[in-house]
Amino acid sequence: MSTLPRYDAEQIERSLQDYWEQHQRFKAQENLDKEKFYCLAMFPYPSGQLHMGHVRNYTLGDLIARAERMRGKNVLQPIGWDAFGLPAENAALQHQVAPSDWTFQNIEHMRNQLKRLGMAYDWDREITTCTPEYYRWEQWFFIQLFKRGLVYKKTSLVNWDPVDHTVLANEQVIDGRGWRSNALIERREISQWFLKITAYADELLDSLEDLNHWPQEVRTMQAHWIGRSKGAQIIFAIEDSKDILEVFSTRLDTLAGVTYLAIAADHPFAKKISAHHKALQDFKEACKHQQTAEAELATMEKKGLFTGHYALHPLSGERLPIWVANFVIMDYGTGALMAVPAHDERDFEFAQKYDLPIKAVVLPANGSTWDFNSKPFVEKGTVQAPLSCQGLSSEQAYQSLLNTLSQSHQALEKINYRLRDWGISRQRYWGTPIPMVNCLACGSVPVAEKDLPVLLPTGITLTKPQSPLKDLPEFLNTPCPNCHQPAQRETDTFDTFVESSWYYARYASYNQHQAMLDGRAKYWTPVDQYIGGIEHAVLHLLYARFFHKALRDLGLLNSDEPFTRLLTQGMVLKDGSKMSKSKGNTVDPAILLKQYGADTMRLFIIFAAPPTASLEWSDSGIAGSHRFLLRLWEQAHKSQLHLSQVEIDPLQKFKETTNIRYDLHLIVQQVSHDYERQQFNTLVSGAMKILNLLEKENLARQTDAQKHFLSEGFSLLLRILAPITPHISAFLWTELGYPGSILDAPWPKVDPEALKRDEIALVVQINGKLKATLQVPAQSDQKSIEALILENTHLAKHLKGQAIQKVIYVPNRLINFVVEVSHV
RNA sequence: GCCCGGGUGGCGGAAUAGGUAGACGCAAGGGACUUAAAAUCCCUCGGGAAAAUUUCCCGUGCCGGUUCGACUCCGGCUCCGGGCACCA
C-alpha cells in the first residue's frame, strides 16, 4: 500500500500562482475572434487589511471570470485602489504619517494578500486613484463637463465644527456633536461646485428599464431616488408685500385644503423679515444646530414659528399664516411648501401640534366617511372643494385647477425630481484637487489643459484637522489662466465618488498617457458583470451611470450604460452582526489563509450562503470545507492509477453505470443552471454530491464501466470546482492526466443521453397531501396511472368509499385525487 | 420617518415555472477503529403520537385570503438588515 502524498495547500497554491504569473496567464488582450467578457468587482478602499467582505467580493468576481474563460470568452478582470478618502487623513492625524505614505503602504500589503488568494487579475492594469496618472484625466474630464455647462457653483449646507474649524462628514457627527471636538455642530452655508446630474435625470430613469440583468430592487431604489413626479408650481402672494412664495405640489386637487404655508428658516423671505423679529432670529439660530442628513430631518421633533405674515390663497384670497418650520430645507425644492393637514401626514401632525385648522376637501372615492380628527386621508378620492371641482375625481380636479390657475399665471405644470445635483466639493486635503483658479477679475476659471495635472502636494504630515492646502503658497498661488494676473487655486478637492465613477473605463486604457480613454475602452465597456455590496445600490451606481452617459456624449464611449449585469453581494456577519473592529467580532483572512489555504477559504465563502444573502461566518464551517478538499485529494489520488489506463471513448455506453451516470448528469444539469442564475452556493453542493458518488464507486473501481465513470466524474468535478478552488483543481487535473491546463478546459456539459429515463417517481396526493411516490414508466398517461394506483393496496385503501371529485394529473410529476371529505 | 430587501430544523442553507419542505454541509448523539486520544469511517438527527422498515397529526416570523395544491401568489402586521445625498 502506497501512502498518499499530503495535501499541502500553501505549497501547491504558491507554486501555481508563481507559474500563472510568470506565464502571464491572466493578461487580457483585445481579441476580435472571441466574445469579450469584462468582469469587475468593485475596487477596494486600501484600509490596510483585507477583510472578509473583500474576500467574498473578489472570490465572486474571480469565480465568474474564470468560469467565463472556460466558457470561451476573452476575459478582462482588473483590480485597483480607490485610494483617496477620509480614513487616510484620520490615520495621518492619529499616527503622524503622511496620508500618501499610509495609503501606499496599505496598498502594498493588500496587494500581497489578494495575490495570495489566487485571483486571476491582469495586474498590469492596476489603477491607483491617488496617482497623478489617474486623477489628471479626472481633472481633464471635469473641465470638459465645465465647458459643456454641466458644472456650476452654488452655496449649500455643510456640518461645521466650530472648535476644529472644519467641515465634518455626516458620519463624523455623533448626536449633533463633532466626533473629535465634541462641539455642537453648526449648519453653515458655503459655496461649492455641483455637477448637473439632473440634466440626465430622465435618461437615468428611463434607461433603468433596459437594465434587465440588474436586481429589480436596485432599479426600484434608483427610480425612487430620482423621483420624477408631475405637479404644479404654485404662486402664493404675500399680504402687504411684493414678495411671493413658490411651492411645488403633486396634489393640486387638495389646494382648497391649504390652511398654512411653511418655509425654511433660511428662505429669502424669512431672512428679509427677521431683522426686526427677535423670536424668528432665535428660531433661526436654533435651526443652525440641526444636522443636514435627511434621516435626521425626518425623525427630529418638528418645530415651527409663526412669522406674523400671511399669504393669500390663490383661489379664495383667504389669509394663510406663513410659518417657519425646521423640517423645511432651502436645499430641497423651493424651500417652501403648502400645507394641507387634512391630506398629508406631516402637515397633519404639525397642525395638531400648533393648533392650526384642518380642512377636508377630498373624501374616499367609495363614499365611506373619514374621521379627519384622528388621521389625514392621504389617498386620491372625490374632491369636495372648491365648488368648481365638487364631485370630480382627484385627477380631474388637478386638471381643472391647473387650467384655471395657469390662465391667471398663478400656477405652472412642472416635472419635479427628487434627485438633486451632485455636490462634489470637499474641504479636504486627501483628494483630487479641483482644477479651477479663482481670479478677482475673471472669476472661476478652469486650469489650462496643458497645465494638467494640478498636483496634490504629497509627503505632508497633517497637524490639525483642516486641509493644509490653504496654507501652502506654492500650491495656492498661480496666475489666472485667463488674464495671467496673480490668482489663487481652488483648495477644495473632489468627492471620492468622482474617482469611482469612471475607473472601470480607465482599466481598458490603463497605459494611455495622451488621453483619458482610447478605443480599447470602447472595446471593453460596458462591464459585462459588476459585483459589489448592496450598500452601493444608489449613490455609486447612479454616479457611475451618469459619468458613463457623459463620457458617451463626449464621444469617449459608445454604450449607454456602464454595467450590463449587476450582482449585489450580501454582507459578512459574525454572531448576527456586521464584522467590525469596534464590536471585536472580526475574522482575519490572513490567519485562515495560513491555516487552511486560499482554496478552502474561497470554497467556504462561496458555499456558506447565496451571493446576495448575508453570510454568517462559521469557524467550524470552514473546517468542513477544508475536510471536503482533503477528501477530494484522497479520492483523486486513489483513482489516479486507474485513470491513466482508461481509454476514454465517449460513445461507448455502459449499462452497468446507467443509473449512477443519470445521477451524475442530473447534478451537472443542476450546477449549470445554478451558474446561470448565479446561485453559486449550490454549485458547491453539487460538487460535494458528485464527490459522494465518486467515493462510492471508487471503492470497487474494477470494471471498464466503473473506470470510465470515474474518469468522467473527476473531469466534471474538477472543472466545476476550477473557478472556486482553482489551485487544487488545476493540480489534480494534471495529476490525473487530463489534457492541457484546466484554465482553458471547457465548462462542463450535460450528456442528454445520460438523462433519459425509463421510469420516473410519481407523487401521489390525496387532497394535496402526499400519500406515496410510485415508480412508473416515463410518459405514462393518466388512465394507466389510475389503474396502477387502484392495484396498490395501500393507496386503494385511502380512496375506498371516497367520492372522487376531480383528478389533477401533471405528467411525470404528480397525480392529485380531490375527494369529498366524508367527516368533519 | 421615508425607500429597498430579508425571516425555513440546534446552525449555514436547499426546494429550477404554484406540485415530495429540510438537498448539501456544520454541530450534536450513538457505534467502529485505537492501549488511549486525534483523525477517519458507519448510523441517527424538525416536533408530536402510535408503532418492526410503516402510519397519522402539526410545521417555512404572525394573522387572513386565492388555489385541487402555497416556503413560493395576494392583503395586513411584526422583527431584523441596507440606503437616505460629506464613510466607502
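Chain identifiers are assigned alphabetically (A, B, ...) following the order of the sequence lines, protein sequences preceding nucleic acid strands; residue numbering begins at 1 within each chain. All values reported here derive from a predicted model rather than from experimental measurement.
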For this session: Under 4.0 Å between any heavy atoms, over every strand shown, what does A/Val158 touch: base, sugar-phosphate, or nothing? Just pick one.
Result: base
Problem set entry | base_contact_polar (B/C86 base, A/Asn170 side chain, donor-acceptor, <3.5 Å) | no
For this session: Toss me the dot-bracket line for RNA chain B: Watson-Crick and G-U wobble, both under 3.5 Å, 5' to 3', using | for pairs to another strand and [ ] for crossers.
Result: (((((((..(((......[....))).(((((.......))))).(((((...)))))..(((((..]....))))))))))))....
Exercise. For A/His540, which contact category applies under a 4.0 Å heavy-atom criterion: base, sugar-phosphate, or nothing?
Worked result: nothing
For this session: Starting at atom CE of A/Met221, determine the distance to atom P of B/G83, rounded to an integer number of angstrom.
Result: 10 Å
Exercise. So, is the end of the A/Arg418 side chain (NZ or CZ) under 6.0 Å from the ring centre of A/Trp225 and within 45° of the ring's axis?
Worked result: yes
Exercise. Below 3.5 Å, does any donor atom in the side chain of A/Gln427 face an acceptor in the base of B/C86, or the other way round?
Worked result: yes
Check nucleotides 73-79 of chain B for protein N or O atoms closer than 3.5 Å to its own N or O atoms and list the pairs.
none

Exercise. Contact class for A/Leu615 vs. all strands (heavy atom < 4.0 Å): base, sugar-phosphate, or nothing?
Worked result: nothing
Exercise. What is the nucleic acid contact for A/Gln192, judged by heavy atoms within less than 4.0 Å: base, sugar-phosphate only, or nothing?
Worked result: base
Exercise. Which part of the nucleic acid, if any, lies within reach of A/Phe607 when heavy atoms closer than 4.0 Å are counted: base, sugar-phosphate only, or nothing?
Worked result: base
Seminar exercise, completed: A/Leu204 CG to B/A85 P, in whole Å, measures 19 Å
Exercise. What is the nucleic acid contact for A/Met300, judged by heavy atoms within less than 4.0 Å: base, sugar-phosphate only, or nothing?
Worked result: nothing
For this session: Would you mind classifying the nucleic acid contact of A/Ala608 as base, sugar-phosphate or nothing, using non-hydrogen atoms under 4.0 angstrom?
Result: sugar-phosphate
Exercise. Touch check for A/Leu86, heavy atoms < 4.0 angstrom, all strands: base, sugar-phosphate only, or nothing?
Worked result: sugar-phosphate
Which donor-acceptor pairs under 3.5 Å do side chains of residues 804-815 of chain A form with protein atoms, sequence neighbours excluded?
{"residue": "A/Tyr809", "atom": "OH", "partner": "A/Ser780", "partner atom": "O", "Å": "2.8"}
{"residue": "A/Asn812", "atom": "OD1", "partner": "A/Gln779", "partner atom": "N", "Å": "3.0"}

Exercise. When we call it a touch if two heavy atoms are under 4.0 Å apart, what does A/Phe628 touch: a base, just sugar-phosphate, or nothing?
Worked result: nothing
For this session: Could you check whether A/Arg813 gets within reach of a base, just the sugar-phosphate, or nothing at all, counting any heavy atom under 4.0 Å?
Result: sugar-phosphate
